[in-house]
Amino acid sequence: MADRLGLLLRHALLLGGAAVMLAPFVLMLSISLKPPGEIFAPEFRLLPLQWAAVENYTAAFTKVPLLRFLLNGFIVTFCIFVAQAVTALPMAYALAKLRWRGRDTAFLLVLAALLVPPQVPAIPLYIALWQLDLLNTYAAIILPSTISVFGIFLMRQFFRTVPDDLIAAARMDGLGEFAIVWRIMLPTAAPALAAFGCLSFIWNWNEFFWPYIAVQDEHLMTPPLGIAFFSNAEAGTNWGALMAAATVTTAPLAIAFLLASRAFVRGVTMTGIK
């Protein structure tokens with residue numbers, strides 16, 4: 001009986017937490033379907049009496065170039081993930097499987113870098129990009145995120161679970177260290193890389209702070225920055241269209257996580273991060 005009550009309590013807590021986390025998204029979707037008169041009605045209804053979905057979503061795609069914002073988001077997140085994977089895999093391999101003086105100190109520095117907020121290096125990065133004449137370009141958004149400290153840490157934790165005998169056999173076959181990384185470790189690390197890819201996509205798709213500083217042209221704006229631009233363009237009055245735009249930009253995150261949820265759970269579990 002005690003075990004059953006504990007199980008029910010755990011499920012009740014999980015359901016309550018899920019309801020709290022999903023409530024803003026449900027409210028966002030509900031507002032995107034309503035006309036202005038029902039959004040500010042004194043009584044709350046989840047579904048509208050008069051549907052205005054067509055008007056709201058049409059306004060979301062016509063008032064601002066929402067499709068361009070989405071395309072920019074995909075370009076930026078894809079380029080950042082590729083750059084992060086290219087840099088994180090060799091670094092993680094060196095920290096996990098190679099023996100060299102200062103390795104533990106370097107790993108401590110990686111852990112310390114996890115504690116640094118992204119706002120701290122913003123001014124030096126801005127000045128450097130200004131001197132290189134890269135501001136207001138895709139490069140200005142992508143370059144500061146090409147190295148992921150968390151990605152190095154995650155992949156290092158996974159590489160520690162790979163048997164040393166596998167690496168020794170690859171060396172006996174004549175493979176160099178870089179060949180081992182890309183031909184042996186990369187296929188082995190596919191679950192962990194999928195988990196990191198999911199996290200990287202979510203983080204960089206939602207990033208607002210740095211794109212707001214780095215770009216000014218409308219055709220370079222990422223989805224969160226585009227939503228803020230939409231809000232300014234609409235003067236904060238057309239909440240139905242604004243929530244429709246927010247729903248459209250949030251949908252890729254939900255779809256990506258649902259498609260990669262199994263690989264994400266497997267990858268995180270195999271890295272030993274619980």
Would you say D217 has more than 12 foreign heavy atoms packed within less than 6.0 Å of its CG? yes
Heavy-atom neighbours of Y138 OH exceed 12 at 6.0 Å: yes
Applying side chain to side chain contact (heavy atoms under 4.5 Å, CB included) to R45 and not counting sequence neighbours gives E43, L49
Which atom of T87 lies closest to which atom of M91, heavy atoms considered: O-CG, 3.1 Å
Without swapping roles, check the side chain of K97 against the backbone of V162 for a donor-acceptor pair under 3.5 Å. yes
Could you identify which residues cluster with W210, counting Ile, Leu, Val, Met, Phe, Trp and Tyr as linked when any side-chain heavy atoms lie under 4.5 Å apart, either directly or through a chain of such contacts? L125, Y126, L129, W130, L132, L134, L135, L143, F209, I213
Would you say T77's side chain and I202's backbone share a donor-acceptor pair under 3.5 angstrom? no
Test side-chain contact (heavy atoms from CB on, under 4.5 Å) on R171 and L175 and set out the steps. CA-CA 5 Å; R171 288 171 180 160; L175 293 181; over 6 Å; no
Roughly how far apart are L66 CG and T249 OG1, rounded to 0.5 Å? 7.0 Å
Looking only at atom types and distance, does a side-chain atom of S30 sit under 3.5 Å from a main-chain N or O of V26, one as donor and one as acceptor? no
Is any side-chain N of the basic residue among E218 and R68 closer than 4.0 Å to the acidic one's carboxylate O? no
Whether N136 side chain and A214 backbone form a donor-acceptor pair below 3.5 Å: no
CG on N72 to NE2 on H219, rounded to 0.5 Å: 8.0 Å
Residues forming a side chain to side chain donor-acceptor pair (under 3.5 Å) with N204, sequence neighbours excluded: S200
Please list, one pair per line, the donor and acceptor atoms closer than 3.5 Å that link side chains of residues 98-122 to other protein atoms, with sequence neighbours excluded.
{"from": "W100", "atom 1": "NE1", "to": "A94", "atom 2": "O", "distance (Å)": "2.9"}
{"from": "R103", "atom 1": "NH1", "to": "L98", "atom 2": "O", "distance (Å)": "3.0"}

With ILVMFWY side chains joined below 4.5 Å, transitively, what does I127's cluster contain besides itself? I123
For A96 against R160, the heavy-atom pair lying closest together: CB-CG, 4.0 Å
Any residue meeting ring-ring contact (aromatic ring centres under 6.0 Å, His included) with F74, in chain and number order, not counting sequence neighbours: W205
Just by modelled atom types, is the S145 backbone N or O under 3.5 Å from a matching donor or acceptor in the Q84 side chain? yes
Checking the side chain of N56 only, and the main-chain atoms of A244 only, is there a donor and an acceptor separated by less than 3.5 Å? no
Spatial distance of atom OG1 (T188) from atom CZ (R183) [nearest 0.5 Å]: 12.5 Å
Return yes if some donor-acceptor pair links the side-chain N/O of T58 with the main-chain N/O of E55 below 3.5 Å, else return no. no
